[in-house]
Amino acid sequence: MSLTMDVVLQQARPVLPVLVIEDISLALDLARALHAGGVRVLEVTLRTPRALDALAAVRKELPDLLVGAGTLIHTEQFLEAREAGAQFAVSPGCTERLAAAAEDSGLPYLPGVMTPSEVLLALEYGYRSLKLFPANGNASVKMLKSFKGPFTGIRFCPTGGITQDNLLTFLRLPNVACVGGTWVAPANLIRARAWDQITQLAAEACELANSLEPHA
Ligand SMILES: O=C(O)C(=O)C[C@H](O)[C@H](O)COP(=O)(O)O
């Protein structure tokens, strides 16, 4: 059976780390550190020159992880991501052309939304798993609570502004599948090769989430 975005988000819970990999030689250690902390799904953003190579290396060396490509903002990036071995694709928003490119690539796709009309558009394209970007603290928590009524069955991955302090507030919401963010792999810790600290950040997120009742 082919992988769906719904399954990717279920696997990712509680956290989908959003990785910005500047130095490809650190990619595997970074992925291993997150994996050791309980992470099962990663998003490598295509924001840096060697991001696709980093993604390919992680895919090849760490087959236990699900690896997606993030920050897909140009149509051609979907095929490039697939060729590098990405198992899913993520964008900060969505357009008709991006949705068509996602469809053509065959990759499970997590489009970004921010408003009810964007949710409706994503629904028209057939998406039920959506990234809420950016997640603006309590305002976004309230918005997701309001989304629960009209958007039955839609699951969100709030990203952009998630920290260890607000993670549980989001994860408690029944329409939140998981959260995404860079806080588990901050640039300064990557640069310092502080792998134990990164493992610790991931483990803390998993531990916090374990205190929650599972979603129905
Ligand atoms: O690159 C993308 O595709 C995005 O949508 C943006 C990222 O998900 C956020 O920039 C992560 O935000 P922080 O966790 O607050 O650092």
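Order of appearance sets the numbers: ligands from 1, and atoms from 1 within every ligand. The chain is numbered in sequence order, starting from 1.
Taking only nitrogen or oxygen atoms, main chain and side chain alike, G70 does not reach within less than 3.5 Å of ligand 1. Polar contact with ligand 1: absent for W183 (N/O pair, distance under 3.5 Å). Below 3.5 Å of separation, one finds no N or O of T45 facing any N or O of ligand 1. Considering backbone and side-chain N/O of S91, none are found under 3.5 Å from N/O of ligand 1.
Residue E103 places its CD atom among 12 or fewer non-hydrogen atoms of other residues, nucleotides or ligands, all under 6.0 Å distant.
For Y109 and F78, the gap between ring centers is short of 6.0 Å.
F88 contributes atom CZ, which lies 8.0 Å from atom CG of L110 (distance to the nearest 0.5 angstrom). Taken to the nearest 0.5 Å, the NZ atom of K145 stands 14.0 Å off from the CZ atom of F147.
The protein heavy-atom contact nearest to atom 4 (C) of ligand 1 is K131 NZ, 3.2 Å. With respect to atom 10 (O) of ligand 1, the closest heavy atom belonging to the protein is R47 NH2, 3.2 Å. In this structure, the protein non-hydrogen atom closest to atom 13 (P) of ligand 1 is T182 OG1, 3.4 Å. For atom 2 (C) of ligand 1, the nearest protein heavy atom (residue, atom name, distance) is T71 OG1, 3.3 Å.
The shortest distance between side-chain heavy atoms of D29 and R193 does not fall below 4.5 Å. T45 is listed as a side-chain neighbour of V18, based on a closest heavy-atom distance under 4.5 Å.
Neither F133 nor V113 shares a network with the other; the hydrophobic side chains, linked directly or stepwise wherever heavy atoms of I, L, V, M, F, W or Y lie under 4.5 Å apart, form separate groups for each.
The contact set between ligand 1 and G181, taken as ligand atoms under 4.0 Å from a residue heavy atom, comprises 14 (O).
In the candidate list G161, G160, P17, P186, G160 is nearest to atom 11 (C) of ligand 1, counting heavy atoms.
Between the side chain of R97 and the backbone N or O of H74 there is no donor-acceptor pair closer than 3.5 Å.
With a 4.0 Å heavy-atom cut-off, ligand 1 is reached by the side chain of T159 but not by its N, CA, C or O.
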